K.L.:
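Structure incoming, see below.
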Amino acid sequence: FQIVTKEKTKLYISYDDENGIRKEQCNIIAKKDSLLKFKKTNNIYFDLWSAKHVEIAIENKSIAKYLGRDDFAVRGSFSPKNKLLYLEFYSH
């Protein structure tokens with residue numbers, strides 16, 4: 001799971017540990033051109049201030065077509081075991 005920021009933006013990333021307990025990975029305001037990589041075997045959860053401010057790749061495949069072109073806040077999760085991506089969009 002990889003995020004590259006195109007603008008200064010807020011990111012929140014968490015994941016389920018081996019016991020199914022959710023752990024916070026980061027809750028930051030990332031600078032433009034930041035690269036964040038996470039290698040997790042359990043569910044990964046993310047909140048993005050703006051879908052337009054980031055590029056996300058899962059297993060080196062972009063999910064840009066799912067994020068769309070509009071400026072929405074995004075809450076999502078990815079299950080590596082089932083290869084399922086869930087996204088919810090919110091307007092500011």
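From a predicted model like this one, the values you see are computed outputs, not experimental measurements.
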K.L.:
Please assess Y12 against E24 for the test side chain to side chain contact (heavy atoms under 4.5 Å, CB included), listing each intermediate value before the final yes or no.
P.N.:
CA-CA 8 Å; Y12 177 80; E24 182 177 292; 3.2 Å; yes
K.L.:
Would a single hydrophobic cluster contain both V4 and F1, if residues Ile, Leu, Val, Met, Phe, Trp and Tyr are joined by side-chain heavy-atom contacts under 4.5 Å?
P.N.:
no
K.L.:
Got a second to check how far K8's NZ is from K31's NZ, nearest 0.5 Å?
P.N.:
9.0 Å
K.L.:
Identify each donor-acceptor pair in which a side-chain atom of residues 35-43 lies under 3.5 Å from a protein atom, sequence neighbours left out, and give them as a table.
P.N.:
unit_1	atom_1	unit_2	atom_2	d
K40	NZ	Q25	OE1	3.3
N42	OD1	K81	NZ	3.2
N42	ND2	D16	O	3.2
N42	ND2	D17	O	3.0
N43	OD1	S79	OG	3.3
N43	ND2	D16	OD2	3.4
N43	ND2	Y45	OH	3.4

K.L.:
Keeping the roles fixed (side chain from T5, backbone from D33), state whether a donor-acceptor pair exists under 3.5 Å.
P.N.:
yes
K.L.:
Can you confirm whether the side chains of Y90 and E88 place a donor and an acceptor under 3.5 Å from each other?
P.N.:
yes
K.L.:
To the closest 0.5 Å, what do you measure between CG (L87) and CZ (F72)?
P.N.:
12.5 Å
K.L.:
Could you state the interatomic distance from CG (L11) to SG (C26), rounded to the nearest 0.5 Å?
P.N.:
6.0 Å
K.L.:
Tell me, yes or no, whether the heavy-atom count around K10 atom NZ, taken from other residues, nucleotides or ligands under 6.0 Å, exceeds 12.
P.N.:
yes
K.L.:
Please list every donor-acceptor pair under 3.5 Å in which a side-chain atom of residues 46-60 meets a protein atom from a residue at least two apart or in another chain.
P.N.:
unit_1	atom_1	unit_2	atom_2	d
D47	OD1	R75	NE	2.7
D47	OD2	R75	NH2	3.3
S50	OG	K52	N	3.2
S50	OG	D71	OD1	2.4
H53	ND1	T9	OG1	3.3
E59	OE2	K83	NZ	2.7

K.L.:
For K23, does the NZ atom sit with more than 12 other heavy atoms under 6.0 Å from it, leaving out its own atoms?
P.N.:
no
K.L.:
Can you tell me how far apart CZ (F78) and OH (Y86) are? Round to the nearest 0.5 Å.
P.N.:
11.0 Å
K.L.:
Heavy atoms only: give me the nearest Y66-L85 pair and the separation to one decimal.
P.N.:
CD1-CD2, 4.1 Å
K.L.:
When rounded to the nearest 0.5 angstrom, what distance separates OG in S77 from CG in L84?
P.N.:
8.5 Å
K.L.:
Evaluate whether atom CD1 of I29 has more than 12 neighbouring non-hydrogen atoms of other residues, nucleotides or ligands under 6.0 angstrom away.
P.N.:
no
